Amino acid sequence: MLKKFFAALALFIVAIMFYDIASNYQERQQLSGVAQYYVEKGPSELGAANLVTSVVVTYRGLDTLGEVTVLFISAAGIGLLLRRQRDDKDPSPQKDNAPCSEIVDTAFHLLFPMILLFGIYIFVNGHLTPGGGFQGGAVIASGMMLYLLAKPNNTFNLQLLKKIESFSGSAYVLIGALGLFLAGGFLDNRVLSLGEFGSLFSAGLIPVIYVLIGLKVGAELSSVLTKFRDS
Amino acid sequence: MAEAILNLSILLILLSIGIGLIRLVKGNTVLDRVIALDLLTLVSMALIIIIAHINNRFIYIDVALVYGLLSFLGVLAVARYLEKRL
Amino acid sequence: MFQDLLNTPLSTVVLITGFILVLIGLWGMLMHKNIIRIIVGFTLMDTGIHMVMVAIGYLTGGKAPIIEGANKNIVYVDPVPSALVLTSIVIGLGITAIMLSYAIQIHKAKKSLSIDDCAEMKW
Amino acid sequence: MLLIITVILCIGIIISALLAIYLNNMISIVISAGLSGLFASVTYVMLAAPDVAMTEAAIGSGLTTLIFLYAINKTKCKDDINDY
C-alpha cells in the first residue's frame, strides 16, 4: 500500500513536469538556425538527397561512430554474460531433430534471398530514399532471424560474423581518417567526387560508409540473436 | 469519385483498426491476440500507402515494403514458441 | 470550442500521447516485481520518448527531408531529431538485449525472476 | 482527416500500452508491446519522418519480439503450462 502511494507520488511529480511542457507547446513554424543551414546548404555541399543521411553520416558523423561503438560494446557484453560455463550443471535440454513444417521450409527458401537483397537495397540507396545502414542492418538481421526460426538445428559461423564486424568497423575509422588528409576533416565525404545529384554513384563517400555501417549492424544483431538462442 | 473512394477506404481501415483492437482487448487466448496482431499489421500497411497518396510522396511506400516483407516474422516467432520448439 | 479542437495540430496529439506513454511505462516499472515485466515497461518508456522527440521536430505542413526537385518553396521538417531518434532506436534494442541477458543470468542463479529475491545489496 | 487518423492511432497506442501493463500472460504482454511500436511507426510516417518509421518497423516488428521470447523461454518454470 505504501509502495503504491510512493509510486503514485513519483508519477504525479513527473506528470506535473510534463504538463508544464505540453501546455506551453506550440507547433513550430520555421526551422532553427542549424537545421536551416543543413536544409539550404546540405544538398549542394554534400550531394545527398536524403538530408537525414547527410546529418547522420557527415555532419554528426562522430556521434554515429560513438553509437556504433556502443552497439559493439553491448554485443560484447551479451557475449560475456551468456557464455556457457565449462562446468555447467544442467546443460540445455536437447532439441528434437525433426525438421520444421513444409510451409515454413518453402517460405524460407523463397524469402531468405529476397530479404537479404532488400536489406542491401536499403543501405546502398541510403542517400536517395528513406533508409540507410541501420535500417538495412536490421532488415538483414531479420533475415537471419528467419534462418534461425526455420532451421533450428543449424548455427551460424560466428567467426565469420566476427570477422565481418571487425573489418567493417576498422574500415569505417580508416575511411574517416582519410578525410582528414584529403578533404576538410574527419569523416568528410568529399574525398571522392560528388557526382550527379540524385544518381546512385553520387554523394562521395556516403554510400561507402553506409554500406560499412549496414554490414556492421547486421553482423552484430545476428550474433546477438545467435548468442541468445545458444545460451 | 476518386476522392469518395479514398475517404471510404480510410473509413473502412479505421473501422478495421477498431475491430482489431476490440479483439486484442477481449481476446481470451493468446491465439486470438496473435491473429489481432497479424490483422493490425496488414491494415497499417494499407494505411501507410494511403498516407503516401495523401501527402503525394511515393517514397513512403518503402516503409510499407519493409512491413510487407517482415511482418510475418513476429507471428512466426510466437507460433514457434507455442510449439515449444524455439 | 469544438472548432478549436478540430484545429489541434498533429504534433500536439503525438506529444501528449508520448508523455502518457512515458507515464504508463514508469507505472509499470514501479509496480511490478517480475524483471521481464519491468523491461517491457522500459521499452514502452523508450517508445514514448522517441514519439516526443519526433513531434518536436515537426513543422506545420512540413514534408519529409528528402529533396526531389529544385523547388525552394517546400517546407521540410527538421532532420536533426530524426537522425537522433534513428540511432536511439537501435541503441534501445542493444540495451533491451543486455538487460534481458542479465535477467537470464539472475534466473540461473536464483531460480526466480522476482526482484524481492535479489536482496544482497539491501539494507 | 489526418487529425482523425492520428487520434485513432494514438488511442491504439495507449490501449496496447495499458494492456502490456495489466495483462497476466507473458506472451500477450510481448504482443501488446510490439503493437504499440507498430502504431508508433505509422505515427512517424504521419509526422513526415520515414527514416524513423523504417527503423521502428524493422526492429520493432521482429527482433524485439524474438529476443523477449528467447528470454521468456530460458526463464520459464517447468510446470508453467498455461501458455494458451
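FYI, side chains are in, hydrogens and waters are out, and symmetry mates aren't considered; it's all heavy atoms of this structure. Naming convention: chains lettered A, B, ... in sequence-line order (proteins, then strands); numbering from 1 in each chain. Predicted model only: the values in this text are computed from it and were never measured.
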Under a 4.5 Å cutoff for heavy-atom pairs, which residue among C/Asp78, C/Ile104, C/Leu93 has the most contacts with chain A? C/Asp78
With a 4.5 angstrom heavy-atom cut-off, which part of A/Leu221 approaches chain C: side chain, backbone, both or neither? side chain
Under a 4.5 Å cutoff for heavy-atom pairs, which residue among A/Ile78, A/Val34, A/Thr129, A/Val224 has the most contacts with chain C? A/Ile78
Please determine, among C/Ile95, C/Val80, C/Ile91, the option with the most heavy-atom pairs under 4.5 Å with chain A. C/Ile91
Could you tell me which of C/Val75, C/Leu84, C/Val77, C/Ile56 has the largest number of non-hydrogen atom pairs under 4.5 Å with chain A? C/Ile56
Say you draw a straight line from CD1 of C/Ile66 to CG of A/Asn50; how long is it, rounded to the nearest 0.5 Å? 4.5 Å
Is there side-chain contact between C/Pro65 and A/Val39, with heavy atoms separated by less than 4.5 Å? no
Tell me, yes or no, whether the heavy-atom count around A/Tyr147 atom OH, taken from other residues, nucleotides or ligands under 6.0 Å, exceeds 12. yes
Got a second to check how far C/Lys108's NZ is from A/Leu82's CG, nearest 0.5 Å? 7.5 Å
Applying a strict 4.5 Å limit to non-hydrogen atoms, the region of A/Leu71 in contact with chain C is side chain
Within residues 34-43 of chain C, residues adjacent to chain A where the heavy-atom gap is under 4.5 Å: none
Quick check: do C/Leu86 and A/Gln135 have side-chain heavy atoms less than 4.5 Å from each other? yes
Whatever's closer than 4.5 Å to a heavy atom in chain C on A/Phe228 counts as side chain
Taking atom OG1 of C/Thr60 and atom CD of A/Gln30, what is their separation to the nearest 0.5 Å? 10.5 Å
Over all atoms of both residues, closest heavy-atom pair of C/Leu15 and A/Ala22: CD2-CA, 4.1 Å
Sort by residue number and list every residue of residues 18-32 of chain C having at least one heavy atom under 4.5 Å from chain A. C/Phe19, C/Val22, C/Leu23, C/Leu26, C/Trp27, C/Leu30, C/Met31
Using a 6.0 Å cut-off, check whether atom CZ of A/Phe72 has over 12 heavy atoms from anything other than its own residue. no
Hey, does A/Asp63 have a side-chain heavy atom less than 4.5 Å from the side chain of C/Thr87? no
Chain C heavy atoms under 4.5 Å from A/Lys4: which part of the residue, side chain, backbone, both or neither? both
Considering only heavy atoms, which portion of A/Phe18 lies under 4.5 Å from any heavy atom of chain C: side chain, backbone, both, or neither? both
Would you say NZ of A/Lys162 has more than 12 non-hydrogen atoms from neighbouring residues, nucleotides or ligands within 6.0 angstrom? no
Which heavy atom in A/Arg28 sits nearest to a heavy atom in C/Gly57, and how many Å separate them? NH1-CA, 4.0 Å
With a 6.0 Å cut-off (strictly less than), is the heavy-atom count around NZ of A/Lys41, excluding the residue itself, greater than 12? no
Tightest non-hydrogen contact, residues A/Ser74 and C/Gly94, listed as OG-CA, 3.8 Å
